[in-house]
Amino acid sequence: MQILKEKEALKKKVRALKNDQKSIGFVPTMGALHEGHLSLIKQALSTCDKVVVSIFVNPTQFENQDDLQKYPRTLDEDVEQIKKISEEVIVFSPPASEMYGDTVSSEEFSFDGLEHQMEGRFRQGHFNGVGTIVKRLFEMVEPDKAFFGEKDYQQLQIIKKLVEKHGLDVEVIGCPIFRETSGLARSSRNERLSPKERQTAAFIYEILQQVKEEFGTKSAKEISTWVTEKFKSQPSLVLEYFEIANADDLVSIQEEDKSKKYRAFIAAYSGDIRLIDNIALN
Ligand code: PAF
């Protein structure tokens, strides 16, 4: 398996693949790979000739330095996991200087308002950091298809907008959320939960499932009040936000319009670990 650290080596490889008319699938990650990532890699392998997986903990998308420092870095284990699926994958694992040079800072993006919803309200500058790194990676990898999990649904919509606004020639594919047996959405942050916290965190998905059942029979306001009350009964999880929003522009629901698609979104803390999840409602 090839593990590249330098962008010039990656670009050279990409040029060779393009010359050979090979299609390139791309799975950007920050490492600490779990089954959710592996399912994206499998999907990429099943539809593209060659797959590039980037492993890079992107500093500019962390508004909280403590979170950045504690983010798990497990390159050797990640590589072993990928090898079990395929030895043919190219891993791109650059140091920050390859991606940012001497200045580790984000570019400013407008994502037509998507960036101001939900995560954008609580994570200042986060989507500028994501936009900066994903655009740079897309320019280096030149993928035909790029695969993103729906767990970060707002990120997925933002990447689609990035591609549209910057005329990037890549198909962005959203892949279903991968869940633990308990229902908890797979996330690299789950590794930092104690076994008990991990079990309790499954509550987030239980609530989302109940929201889905109630949607259409109760108003969004009633559902929202109910969710807030439910979280009060679970003090080890602190609700940051609950939203029902339009699945395309992520604007919070005003009045249900049956012709539109909606999703429910939750962000909650278990101790200092921030967890997010969402569900399609109709
Ligand atoms: O979803 C992630 O892991 C990151 O936000 C991404 C897309 C790899 C950019 O750093």
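Counting starts at 1 for both ligands and their atoms, in listed order. Everything quoted here is computed from the prediction, not taken from an experiment. All heavy atoms count here, side chains included; hydrogens, waters and symmetry mates do not.
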Got the closest protein heavy atom to [atom], with its distance?
atom                   : answer
atom 3 (O) of ligand 1 : Met30 CG, 3.7 Å
atom 7 (C) of ligand 1 : Gln155 NE2, 3.5 Å
atom 4 (C) of ligand 1 : Gln61 NE2, 3.6 Å

* Asked: Quick one: does ligand 1 sit under 4.0 Å from the side chain of Thr29, the backbone, both or neither, non-hydrogen atoms only?
  -> backbone
Salt bridge [X]-[Y], side-chain N to carboxylate O under 4.0 Å:
X      : Y      : value
Arg274 : Glu119 : yes
Lys161 : Asp112 : yes
Glu8   : Lys12  : no

* **Per-atom contacts, ligand 1 versus Pro28 - under 4.0 Å to a heavy atom** => 8 (C)
* Below 4.0 angstrom from a heavy atom of Ile133, which ligand 1 atoms are there? Numbered from 1 as shown, please. =>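 Ligand 1 atoms under the 4.0 Å threshold to Ile133: 9 (C), 10 (O).
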* **Phe178 reachable from Leu275 in the ILVMFWY side-chain graph, under 4.5 Å edges** => no
* Asked: Any chance the rings of Tyr262 and Phe215 have centres within less than 6.0 Å?
  -> yes
